[in-house]
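Since we're looking at a predicted model, the values are computed, not measured.
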Amino acid sequence: MKLKTKLTLGVGLLFLLIVLLSVIGSVYINKLKSDTEKILTANYNSLEFSKNMLLALDHISIDSTVAIADFQKNNKLQEKNLTEFGEKEATQNLNLHFNSYLKEPNFNKEKLIREDLAKIMSLNMKGIERKSDIAIITAENATFWIVSLGTVCFLIAFILLFNLPQTIAEPINQLTFSIRQIADKNYNERVHFKGSEEFNSLAESFNVMAEKLQEYESSTLSQQLMEKKRIETLVNNMHDAVIGLDENHFIYMINDEALKITNLRKEEIIGKTAHEVAVNNDLMRELLKNIDHPVKEPIKIVRDNKENYFEQDIVPINIVRTGEKEKKYIGKVILLRNITPFKELDFAKTNFIATISHELKTPISAIKMGVQLLGNQKFGALNEQQQELLKSINEDGQRLLDITGELLNLSQVESGNIRLMVEKCSPKEIVQTAVKNVEKLAEQKNVLINTEYLLEDTDFVTADFDKTVWVMNNFLTNAVKHSFQDESIKIVVERNESFIQFNIIDTGSGIDEKYHRQIFDRYFQVPGEHQNGTGLGLAISKNFIEKQNGEIGVKSSLNNGSTFYFRLPVA
């Protein structure tokens, strides 16, 4: 618990009890005053009036006129001060007896008057006794509560008196001693307070300060300069460009490679913000544009009349300061990796694939034409074995033709030379054309292809018809290959807001979820399956669809079939 909370609770409770004590004392004092006033006002006055009437009765025989007037005056005052039970009846009897006495005075009637006055005085004396008892009880209750609350206040004050100074003074004394130890360069000194949160926080701050002082004391300026020089030399000899920014984007470090590709001088930019430098530097402006979300595509930089390619990477720098526990962000480093040699090799590979694929396509087509001519048996009849051999050659030739077609498409994708004829297309025509292309393959396994259109006839997509049919062919071919004999494949085309989605659903063995991210990578094939393709079809399909501003994906799990889908914008 915090010391402030303890003080607030203790002093606040004491204050409330004092206020309560004052209130109770005031209430009981007012009650005693009220009881006393009731005795004086009601009973004492009645006794005084009765005494005056007795004196007046004694003087009637001496001076009857004055005595009678005095008696009647006190009698009227008594009639207005009837407070006790039975006092009213006694006063009424007194009036009757006194009036009768005035008409015919005698000893018996005087005796009755004196008895009435005695009764009135007796009733008021009893009232005085009763009200006096009530006042005594009130005084006793007031004494009990005042003494009780006073005792509680005394105990609380006693506890605060003995505990509070020690609670405050002991940590201060310990902290004073530790500060003196630090002043004497004893940086191993630590404080460990027990109690309030304020002193615990003070102890943690003091210990962090002592730990940092110890760290600074154990290091020397020459060592720090040497380490700084070593790091700077290491960074400057890196083949990658390195630019260091602090948390406010001030440039505090840049190596020689980065200076070369940015055409900047170190003394011009150190200490300036990256945004200031970017005003007159295109490359820095491009780097800042992608600083929060680095692009995957390489950055092309022309240097020495040669195209160089760099891969951008942003590395956030977080450190744990001495004596602290949480990481703190202090800036980021921009890395530009020179991938020019790899890019050149990739270009060479792409050109090689394109050249070989193009050169192979012509002889393979000639071979297939020759096989077809032999199959027509214009050059003589063929026996059963020869027909089987021609069938095998035709299938292998078709497979080679498909592979060369995929390789040519891949070379177009990698070189960025895909030619798209984007136009308004009918989804039904795309599906019907693709289904017609795979009909023979589906018939071989007796696989039925069903289509379902959940859209209007007026819904069209913006797409390259041939490329989209190629993707549908690829999906359908894979679905047929992975479907069991006598199964069915379902094609569902549906409108989804501003997209039209094509779903190809099969009931095959399915694909494990751990391979979903890799399924559209080049050359990837699901392990354990019969591999009879190149692993390029889905990668090319993905590129074709994304180039048309579409999306592509898969939903599948083992033994539950697969759903390959792509969506294209509505025209």
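- Taking the ring centre of Y453 as origin, the terminal cationic atom of K428 falls inside the region bounded by 6.0 Å and 45° from the ring axis.
- Dense packing is recorded around NZ of K445, with more than 12 heavy atoms of other residues, nucleotides or ligands lying under 6.0 Å away.
- When only modelled atom types and interatomic distance are considered, Q548 and D464 share no side-chain donor-acceptor pair under 3.5 Å.
- Aromatic ring pairs are classed by plane angle as parallel below 30°, tilted from 30° to 60° and perpendicular above 60°; the pair F564 and F520 is perpendicular.
- Remark: the Q501 side chain and the N503 side chain contain an N/O donor-acceptor pair separated by less than 3.5 Å.
- Under a cut-off of 6.0 angstrom, the local environment of CD in E456 is sparse, with at most 12 non-hydrogen atoms contributed by other residues, nucleotides or ligands.
- For the side chain to side chain contact (heavy atoms under 4.5 Å, CB included) criterion with T433, the lone passing option out of V431, N437, V435 is N437.
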Next on the checklist: Would I489 and I504 count as a side chain to side chain contact (heavy atoms under 4.5 Å, CB included) here? Give the steps.
Outcome noted: CA-CA 7 Å; I489 296 171; I504 292 83; 4.1 Å; yes

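- Within a 6.0 Å radius of CD in E497, no more than 12 heavy atoms belonging to other residues, nucleotides or ligands are found.
- For K490, the NZ atom counts as loosely surrounded, since its 6.0 Å shell holds 12 or fewer non-hydrogen atoms of other residues, nucleotides or ligands.
- Around atom NZ of K332, more than 12 heavy atoms belonging to other residues, nucleotides or ligands sit under 6.0 Å away.
- S557 approaches E513 most closely through the heavy-atom pair CB-OE2, 4.4 Å.
- Under the rule for a side chain to side chain donor-acceptor pair (under 3.5 Å), E423 has no partner lying at least two apart in sequence or in another chain.
- Scanning for ring-ring contact (aromatic ring centres under 6.0 Å, His included) contacts around H275 gives H249, with sequence neighbours left out.
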